[in-house]
Amino acid sequence: MTIDNDVLYQYLDSISKEGRFDSVNNDYDEAELDYLFDEGLVEGKKADFQIKGAYSIEEMKDLKLTQSGQAMLEKLENRW
């Protein structure tokens, strides 16, 4: 799966600045969240942020980017 670069940038930027996941227009795809964890862009295990297999956005606090996540954020910032 791939995520639109603008959406990915918004996710990574909000995690970097606010330590939390900020859904795009209050809409998100669980597969997009899976991507953040599966690609190692954020610290932790996705199961820690899920209740009965579904993500709990309210629980997604104190998120941190990994080195890979920070590198991806910088790459997306420099694309213009």
Side-chain angles (χ1 to χ4, degrees):
M1 170 186 186
T2 60
I3 298 180
D4 177 79
N5 283 339
D6 292 333
V7 172
L8 180 59
Y9 174 78
Q10 184 168 343
Y11 289 165
L12 295 176
D13 188 53
S14 71
I15 292 168
S16 173
K17 291 177 180 172
E18 302 168 25
R20 66 181 181 83
F21 170 76
D22 185 19
S23 62
V24 177
N25 299 322
N26 292 321
D27 187 29
Y28 67 94
D29 183 334
E30 295 227 347
E32 293 171 346
L33 299 181
D34 283 341
Y35 181 86
L36 296 176
F37 288 99
D38 294 345
E39 295 298 314
L41 302 177
V42 293
E43 293 180 0
K45 298 177 182 159
K46 58 184 167 185
D48 295 339
F49 300 99
Q50 294 175 328
I51 297 175
K52 296 183 181 178
Y55 286 99
S56 174
I57 298 304
E58 296 78 31
E59 299 297 318
M60 298 185 81
K61 297 176 182 154
D62 299 324
L63 287 173
K64 293 182 176 51
L65 296 179
T66 61
Q67 285 183 327
S68 297
Q70 188 62 42
M72 177 64 75
L73 177 60
E74 291 171 10
K75 177 182 170 186
L76 292 170
E77 285 176 336
N78 294 325
R79 67 186 166 168
W80 291 287

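This one's a predicted model, so the numbers in the text were calculated from it and none came from an experiment. For reference, positions follow the sequence shown, starting with 1.
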Any residue meeting salt bridge (charged side-chain N to carboxylate O under 4.0 Å, His left out) with Glu18, in chain and number order, not counting sequence neighbours: Arg20

When you measure from the side chain of Glu30 to the backbone N and O of Ala54, does any donor-acceptor pair fall under 3.5 Å? no

So Lys64 and Val42, do their side chains get closer than 4.5 Å, heavy atoms only? no

Using 0.5 Å steps for rounding, measure from the CG atom of Asn5 to the CD atom of Gln10. 13.0 Å

Side chains of Leu76 and Asp6: closer than 4.5 Å at any heavy-atom pair? no

Residues pairing under salt bridge (charged side-chain N to carboxylate O under 4.0 Å, His left out) where one sits in residues 42-54, two or more places apart or in two chains, turn out to be Asp34-Lys46, Asp38-Lys46

Using 0.5 Å steps for rounding, measure from the OG atom of Ser14 to the OH atom of Tyr9. 10.5 Å

Working to the nearest 0.5 Å, report the span between OH of Tyr11 and CD1 of Ile3. 6.5 Å

With sequence neighbours left out, write down each residue that passes ring pair (Phe, Tyr, Trp, His ring centres under 6.0 Å) with Phe37, or none if nothing qualifies. Phe49

Solution key, residues 66-74 side-chain donor-acceptor pairs under 3.5 Å, sequence neighbours excluded:
unit_1: Thr66; atom_1: OG1; unit_2: Gly40; atom_2: O; d: 2.4
unit_1: Thr66; atom_1: OG1; unit_2: Leu41; atom_2: O; d: 3.4
unit_1: Thr66; atom_1: OG1; unit_2: Ser68; atom_2: N; d: 3.4
unit_1: Thr66; atom_1: OG1; unit_2: Gly69; atom_2: N; d: 3.1
unit_1: Gln70; atom_1: NE2; unit_2: Glu74; atom_2: OE2; d: 3.4

Only counting residues at least two apart or in another chain, list the ones meeting side chain to side chain donor-acceptor pair (under 3.5 Å) with Asp13. Lys17

